[in-house]
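What follows is a set of notes on a single structure, which appears directly below.
Just so it is clear: chains get the letters A, B, ... in the order the sequence lines come, proteins before strands, and each one is counted from 1. As the structure is a computational prediction, the values presented were derived from the model and not from experiment.
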There are 2 protein chains.
Amino acid sequence: MEKNIELFKKISLFKGMEENEIIQLINCLGAIKKKYSKNTQIFESGIKNIHVGILISGEVHIVEEDVYGNQNIFFRLHQGDIFGEVFTLINIINSATIPVAITECEVLLIDKNSILTPCNKICSSHIKLIENLLYNVANKAFDLHSKVLILSKRTTRDKLLTFLSCKSRESGDQLFSISFNRQQLADFLCVDRSALSVELSKLKKEGILDYHKNTFRINTDIIDNASIRC
Amino acid sequence: MEKNIELFKKISLFKGMEENEIIQLINCLGAIKKKYSKNTQIFESGIKNIHVGILISGEVHIVEEDVYGNQNIFFRLHQGDIFGEVFTLINIINSATIPVAITECEVLLIDKNSILTPCNKICSSHIKLIENLLYNVANKAFDLHSKVLILSKRTTRDKLLTFLSCKSRESGDQLFSISFNRQQLADFLCVDRSALSVELSKLKKEGILDYHKNTFRINTDIIDNASIRC
DNA sequence: GAAAGTATGTTGGTTTTACAACGAAAGGAG
DNA sequence: CTCCTTTCGTTGTAAAACCAACATACTTTC
């Protein structure tokens, strides 16, 4: 586990902690590491989950599939991201929203109760941990808020431009890449893939946008400065 | 302020605390009470907000208006609800999402820093307070997650049925009332009001739904048990 | 109780989306 | 290189949503 210490130091949950403090905490929390192969669910659906997950390597999507087979992608998680904490904290059991491994990946699993029940030994770290968890959940709420802002747009074009503006602002450049392919982007925006392609083509014709595969260049005066994050 | 103590005892932020503990905490936090008249903004937009708000009386909508004038209603807040905490916690400054007083209302304002900076006197209450804030933010994240689930539906019908199913499950009865009027419901579902009315009429004709004003009766075998909350 | 204002339902025209199907391009495996 | 799979753009059609305008019902005000 110690070989991951450089990663752990960057994780929001351990922010403001010293190296030895983190190692002690990881042991104290009884964290376990688990591997998942491509296209497998990380928490079993229908079973009450008591773990908070931290993504160590690989890519994970938080998805929900509706009755028509449409996949709704909530988030794409990257190294160091925390997941499962919201549902676990408030004891939501039968959610159909689940983390799916998009590539082979490694995950650190921490029992929720060991986070919330203060242990005698390292109480000061524990308070920091809970505060860090608070900031983490607040950030997740903000990400969900951003997603609502995108989905609240009435047209595919507006959804798309809101998303791309955000990505451009995030990268600080008109030229930027996204980690979704077309189908995944459509699933993230909750629109039809072919309709998305049509809209992309139109925007290209109109000179508002240029793109090749997953690399985009967006016209600067289209970018709006709404405070969102995708 | 003490006359509101019965309300404060019910507020999630003060859960698990004794009456005198709460009174002490309110004073220690330097909370102030403020009145807002109908249709006024509670936090000024564009100005960095450092307050967490608690709704004491009246009704508040969290809204965002887009460039076309469409109002997007995120939430309807009721007595005891907490707001502004997510943006304040993570220092989002120029959000266009703002709390608006729908009726005349009273609000308790608490400086974020007095919550996060532990005071010497009542440290045990303070830890409880931060834990309660954590649960509160997790619940807000879940509410936003629920809203994403509604907006991810492709048709007005599916958005509407998801919302009404949720409300019916919440009330534990096929017969239930909602606090939105038609325009507000349309704004919450992010659809056109007249299209919403058309869809409601269709559902009534098909025998799936019956309604009069804000009271609805929904066919039991339509109600799905998705874990969401609206 | 009349008048004014507000909320809801209805209709028709226009725009947008979903859906299915197809073909071209890109990528991988043998 | 060839075959196979995946990804992406395109097209046409049917369904759905938006929008504006209007009619009716309900509320509020004086």
Side-chain angles (χ1 to χ4, degrees), chain A residues 38-39 59 61 65-73 102-104 150-164 177-206 208-216, chain B residues 38-39 59 61 65-73 102-104 150-164 177-206 208-216:
Chain A
K38 191 176 169 179
N39 292 329
E59 300 281 324
H61 280 181
E65 195 161 315
D66 72 14
V67 286
Y68 309 109
N70 292 320
Q71 277 223 3
N72 174 10
I73 300 179
I102 297 302
T103 63
E104 183 173 296
I150 291 177
L151 298 187
S152 70
K153 299 282 155 57
R154 307 294 170 94
T155 62
T156 300
R157 167 175 290 223
D158 280 345
K159 289 187 177 90
L160 181 58
L161 287 177
T162 305
F163 173 78
L164 292 176
S177 293
I178 64 173
S179 43
F180 289 133
N181 65 27
R182 289 289 180 282
Q183 182 63 60
Q184 290 169 341
L185 180 56
D187 289 342
F188 183 81
L189 302 178
C190 299
V191 298
D192 182 70
R193 183 197 58 79
S194 65
L196 174 65
S197 274
V198 169
E199 205 57 50
L200 280 168
S201 300
K202 275 192 206 164
L203 287 165
K204 190 185 254 185
K205 263 188 204 130
E206 294 171 28
I208 295 170
L209 198 64
D210 198 15
Y211 59 91
H212 178 68
K213 293 190 187 178
N214 298 335
T215 304
F216 293 79
Chain B
K38 191 176 169 178
N39 292 328
E59 302 280 325
H61 281 181
E65 195 162 316
D66 72 15
V67 285
Y68 309 110
N70 291 320
Q71 277 224 359
N72 174 10
I73 300 179
I102 298 302
T103 62
E104 182 172 297
I150 291 177
L151 298 186
S152 70
K153 298 282 154 62
R154 307 294 169 94
T155 61
T156 300
R157 167 174 291 224
D158 280 345
K159 290 187 176 88
L160 181 58
L161 286 178
T162 304
F163 173 78
L164 292 176
S177 291
I178 64 172
S179 43
F180 289 134
N181 64 28
R182 289 290 180 281
Q183 182 63 60
Q184 291 169 340
L185 180 56
D187 289 343
F188 183 81
L189 301 178
C190 298
V191 297
D192 182 70
R193 183 197 59 79
S194 65
L196 174 65
S197 274
V198 168
E199 206 55 50
L200 280 168
S201 300
K202 275 192 206 164
L203 287 165
K204 190 186 255 186
K205 264 190 202 126
E206 295 172 27
I208 295 170
L209 198 65
D210 198 16
Y211 59 90
H212 178 69
K213 293 190 185 177
N214 298 335
T215 304
F216 293 79

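When rounded to the nearest whole Å, the span between NZ of K202(A) and P of dT10(D) equals 12 Å. Rounded to an integer number of Å, the gap from Y68(B) OH to dA17(D) C1' is 15 Å. If you take CG of N70(A) and P of dT17(C), they are 15 Å apart, rounded to a whole angstrom. In this entry the distance linking CD1 of I102(B) with C1' of dA7(C) reads 16 Å, nearest Å. Atom CZ of R157(B) and atom P of dC18(D) are 15 Å apart (whole Å). For the pair N214(B) CG and dA7(C) C1', the interatomic distance rounds to 10 Å; values are reported in whole Å. The separation between D158(A) atom CG and dA17(D) atom P is 17 Å, rounded to whole Å. Atom P of nucleotide dA18(C) and atom CD of Q71(A) are separated by 16 Å, given to the nearest angstrom.
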Shorter than 3.5 Å, N or O on both sides, protein versus nucleotides 24-29 of chain C: list them out with atom names.
from	atom 1	to	atom 2	distance (Å)
dG27(C)	OP1	K213(A)	NZ	2.6

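Taking every heavy atom of residues 192-199 of chain A and every atom of DNA chain D, pairs under 4.0 Å involve R193(A), S194(A), S197(A), V198(A), by number. Within residues 179-191 of chain A, the residues having any heavy atom closer than 4.0 Å to DNA chain C are, in order of number, V191(A).
Distance alone, capped at 3.5 Å, places no donor-acceptor pair between the R157(B) side chain and the L196(B) backbone. In terms of modelled atom types and a separation under 3.5 Å, the side chain of T103(B) and the main chain of E59(B) share a donor-acceptor contact. A donor-acceptor pair under 3.5 Å links the side-chain atoms of R182(B) to the main chain of K213(B), judged by distance alone. With hydrogens and angles ignored, the 3.5 Å screen pairs no side-chain donor or acceptor of E206(A) with any backbone N or O of L203(A).
Between T156(B) and dA17(D) there is a side-chain polar atom (N or O) within less than 4.0 angstrom of OP1 or OP2.
The shortest heavy-atom contact between S152(A) and L151(B) is N-CD1, 4.1 Å.
We find that E199(A) and K159(A) are not joined by a salt bridge, their nearest charged nitrogen and carboxylate oxygen being 4.0 Å or further apart.
Screening V191(A), I150(A), T155(A), L189(A) for a side chain to side chain contact (heavy atoms under 4.5 Å, CB included) involving L160(A) leaves a single residue, L189(A).
Each of R154(A) and Y211(B) lies near DNA chain C, and the nucleotide nearest Y211(B) is the one positioned closer to the 5' end.
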Side chain to side chain contact (heavy atoms under 4.5 Å, CB included) evaluation trace for S201(B) with Y211(B): CA-CA 9 Å; S201(B) 300; Y211(B) 59 90; 3.8 Å; yes

Step-by-step ring pair (Phe, Tyr, Trp, His ring centres under 6.0 Å) determination, H61(B) to F180(B): CA-CA 11 Å; H61(B) 281 181; F180(B) 289 134; 5.8 Å; yes

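The side-chain heavy atoms of F216(B) and L200(B), taken from C-beta on, include a pair separated by under 4.5 Å.
Within 6.0 Å of NZ in K204(A) there are more than 12 heavy atoms belonging to other residues, nucleotides or ligands.
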